[in-house]
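Written out below as structure tokens is the structure these notes cover.
In listed order, ligands and their atoms are each counted from 1.
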Amino acid sequence: MKLPFAESFKIKMVETIKKSTREEREKWMKEAKYNLFNLKSDYVFIDLLTDSGTGAMSDKQWAAMMEGDESYAGARSYYNLKESIKDITGFPYFLPTHQGRAAENVLFSAIIKADDMVPGNSHFDTTKGHIEFRKAHAIDCTIEEAKDTTIELPFKGNMDLNKLEEVLKKYPKEKIPCIVVTITNNTAGGQPVSMANVKGVSALAKKYGVKILFDSARFAENAYFIKTREEGYADKSIREIALEMFSYGDFMTMSSKKDAIVNMGGFLAFRNEEDWQKCQMYNIMFEGFITYGGMSGRDMNALAQGLREGTDFEYLETRINQIAYLGKKLDEYGIPYQRPAGGHAIFLDAKKILTHVPKEQLIAQTLGIELYLEAGIRGVEIGCLLADRDPETRENRYPELELLRLAIPRRVYTNNHMDYVAAAIKNVYDRRESITKGYVILKELPIMRHFTVELGPG
Ligand code: F0G
């Protein structure tokens, strides 16, 4: 008999989670102003808000924490992390930061000025926020197919090279501080970018004299998809693939809370010394001295170990199989989501589920609220709220896709939890015709409003 798949870890410590009643959830949701970010985590049974900083560290990571060196300058933990980053990414220079957006803040302070153009494949919201905050523009060059959730493509996170070249042709290189390649493409559904596409971007970058920045939060998951889906990579290790990917970049920003499986941390890394030096001042001002920048020694140690574990094939296979498992359950129930299943999450196609809710009443957010009320599961809206208003016209931006992301934390939930999630979605799906009203905005901030927005029934 062929042996079935089984997880590549066993569980050493557990945390209790509690169910609640629908009446309780209705009260809590109302008190939270219908913003899922405002809910106490104790009111959530299965928390799929994010895969960021929510993973379970290993015994080896906890052991590494005990050996952390808390010296202000030149700590052993810094050199440990430097070696791990060099081994896995090939970048010889780096600056620690407290998380990914802090790395963006430091780098963009050094390289982006007003009216610059920053092309990329679906810039993540903090990346876009940091670009627009500096009065520069993020230009999305993701392939069109990513907007159709029904198309099955192995590399649906790719950059459209024609769109990219148009931008590079239109603006002088002085106005383009970098091209952002996000691996995996979170906003488009945790979809990977192929090595062929990275090479194509690199050829254009060279032709027009522009630098490449990898937004690398989920680079190991991206490498896994290259290994398992792209011709010529089946026999290469995850590490070899990661090294090859990064060899096309000039610098990288990293939210270590994802593929490096730590609860807090980030960094930026550089190919050349000059770029590293240019960023040092901002790192010292915003984060901390260049050998700790926002991280304690123990956290740098856990990160150094996490980078190694996060690029282990068996770990990645376990991780990505779990997302695929949930996807398969949803297939059985006929529920529409961004196909194929992503690396870190399932993205439900809210427009196809809640067909009676008008776009002005926040379709994906409405689905998120319904799923919470149904079963205490928390997802996150990737739709109109996240898209923010246009910085010039202040009009709401209505993206083509309204998605509810269910991000799966690393090494945290079992497949029984996935079965529970799938059943809850099916229950909402079965009563979808009766959901005709959504929610309206009562109060919002000018940038990244989704975190704190207050809503009322529409
Ligand atoms: N880049 C990508 C692709 C991300 O997904 C994130 C964070 C960041 C940068 C910023 O990193 O949170 O450490 O400051 N994504 C989280 C998420 C928040 O839920 O997808 P950070």
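- Residue-to-ligand polar distances place Gly100 within reach of ligand 1: an N/O pair is separated by less than 3.5 Å.
- The atoms of ligand 1 that sit less than 4.0 Å from any heavy atom of Glu104 are 9 (C).
- From the protein, the heavy atom lying nearest to atom 8 (C) of ligand 1 is Phe124 CD2, 3.4 Å.
- Taking the six-membered ring for Trp and the full ring otherwise, Phe270 and Phe94 have centroids separated by 6.0 Å or more.
- For Tyr93 and Phe251, the distance between ring centers is not under 6.0 angstrom.
- The shortest N or O to N or O distance between Asp51 and ligand 1 is not under 3.5 Å.
- When heavy-atom distances to ligand 1 are checked against a 4.0 Å cut-off, Arg405 comes that close only through its side chain, counted from C-beta outward.
- Looking at atom 10 (C) of ligand 1, its nearest protein heavy atom turns out to be Thr126 OG1, 3.5 Å.
- Side-chain atoms of Asn121 and Thr142 form no donor-acceptor pair, as typed in the model, at a separation below 3.5 Å.
- Both tests pass for Lys359 against the ring of Tyr398: distance under 6.0 Å to the centre and angle within 45° of the axis.
- Listed by chain and number, the residues in a ring-ring contact (aromatic ring centres under 6.0 Å, His included) with Phe225 amount to none (sequence neighbours excluded).
- Less than 4.0 angstrom separates some heavy atom of Lys257 from each of these atoms of ligand 1: 13 (O).
- Taking the six-membered ring where tryptophan is involved, the planes of Tyr413 and His417 are perpendicular, since the angle between them exceeds 60° and thus also 30°.
- By the criterion of a heavy-atom distance under 4.0 Å, both the backbone and the side chain of Arg101 are placed next to ligand 1.
- In terms of N/O distances under 3.5 Å, ligand 1 is approached by Arg218.
- Of the protein's heavy atoms, Ser255 OG, 2.6 Å lies nearest to atom 13 (O) of ligand 1.
- Relative to atom 2 (C) of ligand 1, the option among Asp215, Thr127, Thr187 with the closest non-hydrogen atom is Asp215.
- Within ligand 1, the atoms closer than 4.0 Å to a non-hydrogen atom of Thr182 are 3 (C), numbered from 1 in the order shown.
- For ligand 1, the atoms closer than 4.0 angstrom to any heavy atom of Asn186 are 5 (O), 20 (O).
- With Gln322 contributing its side chain and Glu317 its backbone, the two residues share no donor-acceptor pair below 3.5 Å.
- Among protein heavy atoms, the minimum distance from atom 15 (N) of ligand 1 is reached at Lys258 NZ, 2.8 Å.
- Relative to the ring axis of Phe451, Arg449 does not place its NZ or CZ within 45° and under 6.0 Å from the centre.
- Note: Phe108 and His130 have perpendicular aromatic rings, judged against thresholds of 30 and 60 degrees for the angle between ring planes.
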